[in-house]
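Everything on this sheet refers to the single structure shown next.
Chain identifiers are assigned alphabetically (A, B, ...) following the order of the sequence lines, protein sequences preceding nucleic acid strands; residue numbering begins at 1 within each chain. Bear in mind that the values here come from a model prediction, so they are computed numbers and not experimental data.
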Amino acid sequence: GAVVSQHPSRVICKSGTSVKIECRSLDFQATTMFWYRQFPKQSLMLMATSNEGSKATYEQGVEKDKFLINHASLTLSTLTVTSAHPEDSSFYICSARSGGGQGYNEQFFGPGTRLTVL
Amino acid sequence: AQKITQTQPGMFVQEKEAVTLDCTYDTSDQSYGLFWYKQPSSGEMIFLIYQGSYDEQNATEGRYSLNFQKARKSANLVISASQLGDSAMYFCALSSYKLIFGSGTRLLVRP
C-alpha cells in the first residue's frame, strides 16, 4: 500500500517559536494533501487541504497566518506552526491522496507528529 | 452539510465475540464513501474497510464487515471474533472530496 511519512514524530518547543512538520508521500504522487489536528481523546479535525502548486484551503476557524501550509511538490507538504503557544500542543496528522486511478479517493495517513509547546 | 455521528463513546466486548460499532451519517451528495479507521494508542490511522454509496453489497475485509443501510444512513462496523489487539479507538468517516470523521468509539476487548 501507499506510504506517507511525517517528520518529526515528536517535537517539543518553547512558546513563541515556530515549528515545521513535513509530510511526504514515499511511493506515489500526492496531488492533494490534508492536515488534521487531534486533541487528546478527541476526533481528527481537518485543518486545511493543500493542492500541489496552489494555496491551501483552510477550514473555518483555522488561522491561515498561524498555520502555514506549503505543498511545493507532488511528494511534499509542510505545515509550519508559527509563534507556537501551549494551546497549539496537539497531535498533527497529514494524509495524502493521489487523486487518480482510485474509485474511492482513499487517503493514506502519515504516522502523526506530537507537538508539545512549553 | 455533511455530518457523521458515532453515539458510543466506549464499548466492551469479550474476546472471541462479535461487536458492532454504530455510525450514522448525513449528506446531500449522491456519490460518497464511508470509511472505518482504527487508531491504536500509537496514534497511527489504520484503514479497515470502505463502502461506496453505490455499492450494492456490504463490504467485508477479513474479520471486518460493514452493515450498510443506505435508507437509514447508517454504516455500522461489525468485528467478528474479537482479539485483544482490537482494543483501540475506531473512527467512522464520510468522504466526498474530504474526509469528515465521527467522534470515535473506544473499544476494549476483555480476555
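- In terms of non-hydrogen atom pairs under 4.5 Å with chain A, the most contact-rich of S103(B), G33(B), G104(B), S42(B) is S103(B).
- Within residues 39-48 of chain A, the residues approaching chain B closer than 4.5 Å by heavy atoms are, in numerical order, Q42(A), S43(A), L44(A), L46(A).
- Of the two parts of Q6(B), neither the backbone nor the side chain holds a non-hydrogen atom closer than 4.5 Å to a non-hydrogen atom of chain A.
- A donor-acceptor pair under 3.5 Å is absent between the side-chain atoms of S74(B) and the main chain of N76(B), judged by distance alone.
- Residues V13(B) and L21(B) share a single hydrophobic cluster, defined by chaining ILVMFWY side chains whose heavy atoms lie under 4.5 Å apart.
- Tracing side-chain contacts under 4.5 Å through hydrophobic residues (I, L, V, M, F, W, Y), one never reaches V109(B) starting from M89(B); they form parts of separate clusters.
- Considering only heavy-atom pairs separated by less than 4.5 Å from chain A, the leading option among A93(B), P9(B), G102(B) is G102(B).
- Residues forming a side-chain hydrogen bond (donor to acceptor under 3.5 Å, both in side chains) with R72(B) (at least two apart in sequence, or on another chain): Q69(B).
- Using a 4.5 Å cut-off between heavy atoms, Y32(B) makes no contact with chain A at all.
- Taking Q6(A), R114(A), E59(A) one by one and counting their heavy-atom pairs under 4.5 Å with chain B, the maximum is reached by E59(A).
- With respect to the salt-bridge test (charged N to carboxylate O, under 4.0 angstrom), the residues K20(A) and E22(A) do not qualify.
- At least one donor-acceptor pair under 3.5 Å links the side chain of R63(B) to the backbone N or O of A81(B).
- Annotation: cation-pi pair R106(B)/Y90(B) absent, no NZ/CZ under 6.0 Å from the ring centroid and within 45° of its normal.
- Below 30°, between 30° and 60°, or above 60°: for F34(A) and Y36(A) the angle between ring planes is between 30° and 60°, a tilted geometry.
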